[in-house]
Amino acid sequence: MRWTQTFIHTLRQDPSDAEVVSHRLMTRAALISKVAAGIYNYLPLGLRSMSKLQAIIREEMERAGSAELAMPAIQPAELWQESGRWFEYGPELLRMNDRHERDFCFGPTHEEVITDMVRRTVTSYRQLPVNLFQIQTKFRDEIRPRFGLMRGREFVMKDAYTFHADAEDLDKAYRAMEKAYCRIFERCGLGYTQVEADTGNIGGSESHEFMVLADTGEDAILSCPDCHYGANVEKAEAGPVPSAPDWPLDRSDRPKSVHTPEMRTVEEVATFLGISPAHLIKTLIFETDEDFVAVLIRGDLEVNEIKLKNELGCTHLQLASEAKIEEITGGSQGFSGPVGLEGVRIVSDPSVMALEVAATGANAADAHLIGVEPGRDFEPSMVVEIRLATAGDPCPSCGKDLVEKRGIEVGHIFKLGTKYSEKMDCRFQDADGNDQPMIMGCYGLGVGRTVAAAVEQNHDDKGIIWPLPLAPFEVVLVVLNADKPAVVEAADSLYVQLIEAGIDVLFDDRPERPGVKFNDMDLIGFPVRVVLGGRGLEAGEVEVSLRSDGEKRATPIAQMVPAVQALLVQLRSQ
RNA sequence: CGGGGCGUAGCUCAGUCUGGUAGAGCGCACGGUUCGGGACCGUGAGGCCGGUGGUUCAAGUCCACUCGCCCCGACCA
C-alpha cells in the first residue's frame with residue numbers, strides 16, 4: 001500500500017479529550033477517530049491492527065474446536081424477556097423500537113440469541129457438544145465511556161458459546177478455551193495474567209479473567225509472587241486478619257454514649273476517642289432488591305460488595321441514600337451502629353464478632369457508643385466473610401503475601417451452567433432418554449480493547465512500538481527527496497521488491513520533508529523501517545532499522561529484501 | 001444520576017471578568033528559498049463564536065433554557 005493512496009492523517013497535537021496513552025496515541029497515529037462519546041471510526045491503520053488480531057483469534061478458536069458464525073446486532077425483546085434480562089439489565093441495554101413499535105435492543109452480548117438458535121436445532125446428546133464463536137460489534141450504553149477503545153460504548157468483541165451434555169464435557173471445552181486465550185495473548189506479544197474472577201450477574205460456577213498488565217488498568221488484581229495464584233480483588237479470598245490491639249479504655253456493663261460532634265469518618269472518630277480504627281465497628285446501610293441491610297465491618301477493613309451481593313443472593317446492591325439512613329437508624333450518615341438497631345437485617349463480618357470491646361455509631365446525632373461488646377450488646381442475623389482482600393493478605397494456595405497490580409480486562413471466560421438453558425428451555429435427551437437442560441459456557445474477548453492494551457504496554461515518548469503481530473504494517477518504506485526522479489525510481493523498485501517478496505509493507509511516498517516522515521514513522525510505530533534518500537542512493541545503500549532499538553543498519557540496496565526478512569525473522573522469534 | 005469544566009477556523013487554544021469591526025500557533029492553498037529528524041519568507045482562503053430565546057442602540061462576551069463533549073464521584077459514612 002502507498003501512503004498517498006490510503007488515508008493516514010496524523011495529528012501533530014494531542015487531542016484535547018484523550019486521557020490515557022493508548023487513546024492519545026491511537027488518535028494521533030490515525031488509527032481511530034471519535035464520532036461520539038464512546039463511539040469511534042476505525043481508520044485504515046486501526047482497522048488493519050484489529051483485523052490482524054481477529055485473524056489470530058480465528059485461528060486459535062478454530063484450533064480449539066470452535067466454529068465461526070455471525071449473529072445479529074439487533075435482537076428482539078422477546079428473547080431477553082424470556083431470560084429475564086430485559087428487566088434486569090438496566091439502562092446499559094440500548095433499547096429501541098421498530099416502525100411497528102416492537103421492542104428491540106442492540107446486543108451487548110449474545111447468550112439469548114445463541115441459546116434460542118441451539119434449542120431449535122439440538123435435541124439429542126448425540127448432537128452435543130456445540131462450540132460456536134463470532135466476532136462482532138456490540139453496544140453497551142456505559143455510564144461513563146472513557147479511555148478511547150478501552151471503555152467504549154460500541155466495541156468489537158469475540159464471543160464464543162458452548163453447549164454440553166455434562167459438566168465434564170463443559171470443563172473440557174473450558175480448558176481448551178483457556179488455552180486458546182493464552183495462545184492468543186502470547187502470539188500478540190502481550191504481558192498478561194490469568195486470574196480467578198467473580199461471575200457477576202451473568203451467573204455460573206467458574207470464571208477467569210485475562211488481564212493485560214498496565215498501570216492504567218481499571219481493575220485491581222491480587223497475585224502471588226511465588227505460585228501462580230491470581231485473582232480479581234472482587235474474587236480474591238481474604239486471609240485471617242490480625243486481631244485488634246487491646247482496648248485502651250475502661251470496660252463497662254453496657255455501652256456508654258459519647259458526644260462526637262461532626263466525627264463521621266473512621267479516622268476522625270478513632271483519633272477523637274483515642275482508639276485504633278480496628279476498634280470501630282463500621283456500619284454501612286445497603287439497599288438490596290427488596291430491603292435494607294446493615295453491614296458491619298471492622299473500621300480498618302473494607303467490604304467487598306461483590307461477596308456481599310453473593311452472600312445476600314441479590315442482584316441489586318447499593319449504599320442507601322442519606323435520607324434512608326436517617327429513616328432507618330435515626331442518626332445521620334457516619335453515626336450508624338448495630339446496637340438497638342431494629343427493622344433491618346444485620347450482616348456482620350467475622351472480624352467484628354472477634355472484637356472483645358468496640359466502638360460504633362449510636363444511631364443518633366453526633367454520638368458514638370464505646371464499650372460495645374459484640375454478642376452481648378447486639379446479635380447479627382448473619383455472620384459471613386465479606387472483607388475485601390488487599391495486598392499483604394496471604395495467598396490462598398501457598399500463604400505468601402499477595403501483591404496488588406493493575407490490569408486491563410481483555411478476556412473473560414465463564415462456566416454458565418444451566419442459567420440460560422433452563423430459563424429458555426434449551427434441553428436435550430440424554431442416552432437414557434431423560435430430558436435435561438444443556439450446560440453452557442461463554443467466552444468473551446475484547447478485540448479493540450486488546451489492541452488498545454497493546455499500545456498501552458508498548459510505546460515510548462515518540463509513539464507506538466507495535467508488537468509485530470499487531471502492527472498495521474510490518475514494514476514501512478520511506479523515500480526521502482521525493483522530488484528527485486532517480487530516488488523515486490529507486491524507491492519504487494524497492495517497493496516492488498518488497499511486495500514481490502510477500503512482505504507487509506507501507507510505502508511512504510509522500511513528498512514531505514524528512515523530519516515529518518521520520519516523526520510519523522516513529523509515531524505510528526511500524527516495527528521495521530527502510531529509508532532511502534538521495535545520499536543513500538549515491539552510496540548504493542538503504543538504511544534499515546527497527547522501531548524498538550532505532551539502530552540504523554546501512555545496507556547495500558541489493559541486500560535490502562534479505563536484510564528486512566532477517567529482521568522480521570528476528571522479531572518473530574522474540 | 002450528583003459535582004465541576006469546556007463548546008470560538010481542519011487541530012490546539014486566546015478573547016468572555018469590564019458588551020462596541022473575529023484573533024494566534026499549527027495545518028491548508030499559491031509563489032519563492034530550502035531539503036536526512038516536525039524549515040523559512042511572502043501572499044491568501046477559511047468562522048451563523050454549539051443551538052434557541054431574552055436583556056441592550058449594540059451580545060462571542062450578560063441572563064434563561066437546551067444540546068454536545070470532558071473530568072471527578074456515584075463504595076466504606
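Scope of the values below: all heavy atoms of this structure, side chains included, with no hydrogens, waters or symmetry mates. Each chain gets a letter, A, B and so on, in the order its sequence line appears, and its residues count up from 1.
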Novice: Using the C1' atom as the reference point in each nucleotide, state the distance between B:rG23 and B:rA9 in Å, no decimals.
Specialist: 10 Å

Novice: For A:I143, answer base if it contacts any base atom (sugar-phosphate contacts may also be present), sugar-phosphate if it contacts only those atoms, and nothing otherwise; contact means non-hydrogen atoms under 4.0 Å.
Specialist: base

Novice: Find the partner of B:rG73: check Watson-Crick (N1-N3 plus N6-O4 or O6-N4) and G-U wobble (N1-O2, O6-N3) distances, both under 3.5 Å, and reply none if neither fits.
Specialist: B:rC1

Novice: Give me the distance, rounded to whole Å, that separates B:rU21 from B:rG37 when you measure between the P atoms they each carry.
Specialist: 46 Å

Novice: Quick one: A:Y40 OH to B:rC69 C1', roughly how many Å, whole number?
Specialist: 11 Å

Novice: Tell me the partner of B:rC30, counting only Watson-Crick (N1-N3 plus N6-O4 or O6-N4) or G-U wobble (N1-O2 and O6-N3) with both under 3.5 Å; none if nothing fits.
Specialist: B:rG42

Novice: Please state the P separation for the pair B:rC69 and B:rU12 - nearest whole angstrom.
Specialist: 15 Å

Novice: Measure distances between side-chain N and O atoms of A:R28 and base N and O atoms of B:rG38, and say whether any donor-acceptor pair falls under 3.5 Å.
Specialist: yes

Novice: Between B:rC69, B:rG36, B:rG37, which one does the side chain of A:A36 approach most closely?
Specialist: B:rC69

Novice: When the C1' atoms of B:rG4 and B:rA39 are considered, how many whole Å apart are they?
Specialist: 42 Å

Novice: Could you let me know what B:rU55 is paired to, Watson-Crick or G-U wobble, both distances under 3.5 Å, or none if it's on its own?
Specialist: none

Novice: Regarding A:R510 and A:T4, is there a side-chain donor-to-acceptor distance under 3.5 Å anywhere?
Specialist: no

Novice: Does some side-chain heavy atom of A:V564 sit less than 4.5 Å from a side-chain heavy atom of A:I503?
Specialist: yes

Novice: Any side-chain donor-acceptor pair under 3.5 Å between A:S207 and A:H412?
Specialist: yes

Novice: Using atom NZ of A:K552 as one end and atom P of B:rG36 as the other, report the distance to the nearest whole Å.
Specialist: 12 Å

Novice: Is there a donor in the side chain of A:T260 and an acceptor in the side chain of A:D366, or the other way round, less than 3.5 Å apart?
Specialist: no

Novice: Measure the distance from NE2 on A:H23 to C1' on B:rC69 and round it to the nearest whole Å.
Specialist: 12 Å

Novice: Can you tell me which nucleotide in B:rG37, B:rC71, B:rC69 comes closest to the side chain of A:K34?
Specialist: B:rC69

Novice: Quick check for you: among B:rC76, B:rG37, B:rA74, whose closest atom lies nearest to any side-chain atom of A:V303?
Specialist: B:rC76

Novice: Assign A:D14 to base, sugar-phosphate, or nothing according to its heavy-atom contacts below 4.0 angstrom with the strands shown.
Specialist: sugar-phosphate

Novice: Hey, which sits more toward the 5' end of RNA chain B by its nearest nucleotide, A:I297 or A:L537?
Specialist: A:L537

Novice: Closest to the A:S16 side chain: B:rU12, B:rG37, B:rC69?
Specialist: B:rU12

Novice: Which one, B:rC75, B:rG37, B:rG38, comes nearest to the side chain of A:R12?
Specialist: B:rG38

Novice: Taking atom types as they are modelled, is there a donor-acceptor pair under 3.5 Å from the base of B:rG38 to the side chain of A:E512?
Specialist: no

Novice: Heavy atoms from C-beta onward define the side chain here; which of B:rC70, B:rU12, B:rG36 lies closest to that of A:D17?
Specialist: B:rC70

Novice: Which residues pass the side-chain hydrogen bond (donor to acceptor under 3.5 Å, both in side chains) test with A:N481, sequence neighbours left out?
Specialist: none

Novice: Roughly how many Å apart are B:rC11 and B:rG47, using the P atom of each and rounding to a whole number?
Specialist: 13 Å

Novice: Write down the partner of B:rC6 under the Watson-Crick or G-U wobble criteria, each distance required to be under 3.5 Å.
Specialist: B:rG68

Novice: Heavy atoms only, 4.0 Å cut-off, all strands: where does A:T283 land among base, sugar-phosphate and nothing?
Specialist: base

Novice: Which base sits across from B:rG37 as a Watson-Crick or G-U pair, both distances under 3.5 Å?
Specialist: none

Novice: Side chain of A:R146 only, heavy atoms from C-beta on: which candidate in B:rU34, B:rG36, B:rC71 is closest?
Specialist: B:rC71

Novice: Counting side-chain heavy atoms from C-beta on, which of B:rG36, B:rG38, B:rC70 comes nearest to A:A37?
Specialist: B:rC70

Novice: Give me the distance, rounded to whole Å, that separates B:rG60 from B:rC1 when you measure between the C1' atoms they each carry.
Specialist: 32 Å

Novice: Touch check for A:G536, heavy atoms < 4.0 angstrom, all strands: base, sugar-phosphate only, or nothing?
Specialist: base

Novice: Between A:F155 and A:R449, is there a cation-pi geometry (under 6.0 Å to ring centre, at most 45° from the normal)?
Specialist: no

Novice: Using the side-chain heavy atoms of A:D522, tell me which of these nucleotides is nearest: B:rC76, B:rG37, B:rC13.
Specialist: B:rG37

Novice: Distance check, C1' atoms only: B:rG51 and B:rC13, in whole angstrom units.
Specialist: 22 Å

Novice: Can you tell me the pairing partner of B:rG23 across any strand shown, Watson-Crick or G-U wobble, with both distances under 3.5 angstrom?
Specialist: B:rC13

Novice: Heavy atoms only, 4.0 Å cut-off, all strands: where does A:I285 land among base, sugar-phosphate and nothing?
Specialist: base

Novice: When rounded to the nearest Å, what value does the distance between C1' atoms of B:rU61 and B:rA14 take?
Specialist: 14 Å

Novice: Remember a base hit wins even if backbone is also touched, and classify A:L284 as base, sugar-phosphate or nothing at under 4.0 Å, heavy atoms.
Specialist: base

Novice: Choose from B:rG36, B:rC13, B:rC35 the nucleotide whose nearest atom is closest to any side-chain atom of A:R513.
Specialist: B:rC35

Novice: Taking A:R387 first and then A:D349, would you say they form a salt bridge - that is, a charged N and a carboxylate O separated by under 4.0 Å?
Specialist: no

